[in-house]
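Structure first, then comments.
Lettering of chains follows the sequences in order, A, B, ..., and the numbering in each one begins at 1. No hydrogens, no waters, no symmetry mates; every other heavy atom, side chains included, goes into these values.
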Amino acid sequence: MLKVFNTLTRQKEVFTPITSGIVKMYVCGPTVYNYIHIGNARSAIAFDTIRRYFEYKGYHVKYVSNFTDVDDKMIKAAKEANTTVPAIADKFIAAFMEDTTALNIEPATKHPRATENIKDIIEFVQDLIAKGYGYESEGDVYYRARKFAHYGQLSHQNIDDLEVGASQHTDPEEVNRKEDPVDFALWKAAKPGEISWDSPWGKGRPGWHIECSVMSTKYLGDTFDIHGGGQDLTFPHHENEIAQSEAKTGQKFANYWLHNGFVTVGDDNEKMSKSLGNFVTVHDILKTVNPQVLRFFMATTQYRRPIQYTQGNLDDAANNLKRLQTAFNNLNYRLKDAEPGNDPKIEQEIRQIEADFVDQMDDDFNVQNGIAQVYELAKLGNVYAERPVVFKDSLAFILKTLTELVNIFGIEFKQETLNDDGVEALINERLDARKNRNFERSDEIREQLKAQGIILEDTPQGTRWHRDDEKGNA
RNA sequence: GGCGGUAUAGCCAAGUGGUAAGGCAAAGGUCUGCAAAACCUCCAUCGUCGGUUCGAAUCCGAUUACCGCCUCCA
């Protein structure tokens, strides 16, 4: 039984989808005014891993994740680059796809853009005004937060305890246009020269929160299963989404709210974010770090835990990943001399490990206990691969299970390509030298290949080699 | 001021009442001509103080440190 920690109730709850066998989830995507930073990547990786686990369990997942492609930052970025907002959006959406593909993040079922849904957004706002939740003020439209009875339910805040301006992000002039400081913008009037759309309230653009209410309900229905995003979105963003959506539909918005923890960077252990300016982009990191290593590092930290992004932690992840890849190689290598048939006892042990894995992952995606089971499997595989006689079906069974489980974390094993004639010739020369106990020559050859990044291993089944992938250790 | 998170070995990190998973690193060993890979062994009383209990990392109280949100942040 799969349980998830629901921010709404602050408890782990049994996950029951609205429609049997289908998971409808919405995850807040980035504002596309720059390359994504590792905090964005963490969120995307966390929810991609969750999605992959649902798929492993046999669910069909409808996964929607938006791009915020118009807001103050987009306008500022366009101005600074002396270009248009849509051009900035196109550039960084393409970069997003490139980065997330490198990290083996599956594309969403739908990646809607705010600007492609302006008509729906305007209708949604009109509906809120008609129901008494929205009001126009000098071309802006605001939401009466106090009118929504459950305001604060997600962040567990009492509306009267909110300290207005505590984030130091509020605009004093905007506050003057509100009936109440706790109200928030649904629609913002355009300043001269800004990108805008015609609306019943004049030229303007959507407020930040409304796009997610509109696009999630548009593509997933008034009520859907899971809404995800970073912890910093709980308040105000997600709180406001609930207020908007439930005021409009009268239905419950999302059944389960999942929030991922932050990435901290550097020794001060401070949250990394675009607004603090201490962010590291995936685009830059991938110049020196193997994307599979970054993926593995983040995917094997439970989604609610903070991640400290340091070189040391990255190195550990690289070592751990290498251990699994080596086990895969060891097993794969024995396929060619394996006997037909299988070993029921081994296969029983594998099934048990996989069952334990599922038990752990069912507990709010406890990936750290889950991955411990994968290491168990790797160990079992290594031991099995050293047996004098191995059975083909059992070997294949271990390989299949190992591959399936690491795939949940977004890892694809590399197949060794052993078809370099020059290397083979040297290996054969070395085998002859060893046969003649000319170890001087044989060691010389091994050193020579090592200098080329090729590592030789003598096994009872012969000599094999692999490339020492430097980047994999970066 | 309100709400929340974290603190376990050199590092990462499980564990929610019964005498501390797992991985990395280090050390020793088996295997090997030597290696590599693998396997085996070894490595902590859980921020601090106090309480409850036969028994607590786990429950309660207090305390310290760090971090986050409070209407632009994943």
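Across every strand in view, B:G33 sits unpaired, with no contact that passes the Watson-Crick or G-U test at under 3.5 angstrom. Here B:U52 sits opposite no nucleotide as a Watson-Crick or G-U wobble pair (both hydrogen-bonding atom distances under 3.5 Å). Nucleotide B:U19: unpaired (no Watson-Crick or G-U wobble partner with both distances less than 3.5 Å). Base-pair partner of B:A7: B:U64 (Watson-Crick or G-U wobble, both distances under 3.5 Å).
Note: A:Phe224 and A:Tyr26 have tilted aromatic rings, judged against thresholds of 30 and 60 degrees for the angle between ring planes.
Nucleotides B:U19 and B:A7 have their C1' atoms positioned 23 Å apart, rounded to a whole Å. A gap of 15 Å separates the C1' atoms of B:G2 and B:U71, to the nearest Å. Distance noted for atom P between B:A20 and B:C46: 12 Å (whole Å). Look at the P atom in both B:C60 and B:A27: the space between them is 43 Å, to the nearest Å. Using C1' as the reference atom, B:G55 and B:U16 are 16 Å apart when rounded to the nearest Å. B:U45 and B:G5 have their C1' atoms separated by 25 Å, with the value rounded to a whole Å. Of the P atoms belonging to B:A35 and B:A44, the separation is 29 Å, rounded to the nearest Å. The separation of B:U6 from B:U58, taken at their P atoms, amounts to 14 Å, rounded to a whole angstrom.
The number of heavy-atom neighbours closer than 6.0 Å to NZ of A:Lys91, taken from other residues, nucleotides and ligands shown, is 12 or below.
Within 4.0 Å of A:Gly261, counting heavy atoms only, lies at least one base atom of the nucleic acid. Within 4.0 Å of A:His37, counting heavy atoms only, lies at least one base atom of the nucleic acid. Residue contacts for A:Lys12: at a heavy-atom cut-off of 4.0 Å it reaches no nucleic acid atom on any strand shown. In this structure, A:Ser155 reaches the sugar-phosphate backbone alone: every heavy-atom distance under 4.0 Å involves primed, P, OP1 or OP2 atoms, never a base. Among the atoms of the strands shown, base atoms are found under 4.0 Å from some heavy atom of A:Val263.
Counting atom types as modelled, A:Tyr151 pairs a side-chain N or O with a base atom of B:U71 as donor and acceptor under 3.5 Å.
Look at CD on A:Glu376: it is 13 Å from C1' on B:C39, rounded to the nearest Å. Rounded to a whole Å, the CH2 atom of A:Trp257 is 22 Å from the P atom of B:C3. In this structure, A:Ile307 atom CD1 and B:G68 atom P are separated by 16 Å, rounded to whole Å. For the pair A:Asp356 CG and B:A21 P, the computed distance is 16 Å after rounding to whole Å. Going from atom CD of A:Gln157 over to atom P of B:U71 covers 10 Å, rounded to whole Å. Residue A:Glu211 contributes atom CD, which lies 14 Å from atom P of B:C72 at whole-angstrom precision. As a whole-Å value, the separation of A:Arg42 CZ from B:G68 P is 15 Å. When the C1' atom of B:A21 is taken as reference, atom CD1 of A:Ile371 falls 14 Å away, rounded to whole Å.
The only option from A:Thr7, A:Asp232, A:Asn6 that meets the side chain to side chain contact (heavy atoms under 4.5 Å, CB included) definition with A:His259 turns out to be A:Thr7.
Of the two residues near RNA chain B, A:Ala372 and A:Asn366, the one whose nearest nucleotide lies more 5' is A:Asn366. Place A:Asp72 and A:Gln302 on RNA chain B by their nearest nucleotides, and A:Gln302 ends up nearer the 5' end.
Checked against B:A74, B:U71, B:G22, the side chain of A:Cys28 finds its nearest nucleotide in B:A74.
The salt bridge (Lys or Arg N to Asp or Glu O under 4.0 Å) pairs that include a residue from residues 149-165 of chain A are A:Arg146-A:Asp160, where partners are two or more places apart or lie in different chains. Sorted by first and then second residue, the salt bridge (Lys or Arg N to Asp or Glu O under 4.0 Å) pairs with a member in residues 368-381 of chain A form an empty list; sequence neighbours excluded.
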| said: side-chain hydrogen bond (donor to acceptor under 3.5 Å, both in side chains), that's the test. Do A:Asn428 and A:Glu424 meet it? Break it down for me. | reply: CA-CA 6 Å; A:Asn428 285 330; A:Glu424 294 298 335; 5.3 Å; no
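A ring-centre distance under 6.0 Å is found for A:Phe92 and A:Tyr35. A:Tyr135 has its ring centre no less than 6.0 Å from the ring centre of A:Tyr143.
Using a cutoff of 4.0 Å between basic side-chain nitrogens and carboxylate oxygens, A:Asp363 and A:Lys12 are scored as salt-bridged. Using a 4.0 Å cut-off between a side-chain N of Lys or Arg and a carboxylate O of Asp or Glu, A:Asp72 and A:Lys191 do not qualify as a salt bridge.
With A:Arg205 contributing its side chain and A:Lys188 its backbone, the two residues share no donor-acceptor pair below 3.5 Å. Using a distance-only test at 3.5 Å, with no hydrogens or angles considered, no donor-acceptor pair links the side chain of A:Tyr33 to the main chain of A:Ile75. In this structure a side-chain-to-backbone donor-acceptor pair under 3.5 Å is missing from A:Glu457 to A:Arg464.
Judged as a side-chain contact (heavy atoms from CB on, under 4.5 Å), and not counting sequence neighbours, the contacts of A:Lys450 are A:Glu447, A:Ile455.
Contact annotation: A:Asn319 side-chain N/O to B:C24 OP1/OP2 distance is not under 4.0 Å.
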Could you list all N or O pairs between the protein and nucleotides 4-12 of chain B that sit under 3.5 Å apart?
residue: B:G4; atom: OP1; partner: A:Arg10; partner atom: NH1; Å: 2.9

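Within residues 235-245 of chain A, the residues approached by RNA chain B to less than 4.0 Å at the level of any non-hydrogen atom are A:Phe235, A:Pro236, A:Asn240, in residue-number order.
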| note | Protein-proximity profile, nucleotides 28-38 of chain B, B/S/- by nucleotide at the 4.0 Å heavy-atom cutoff, equals -----BBBBBS
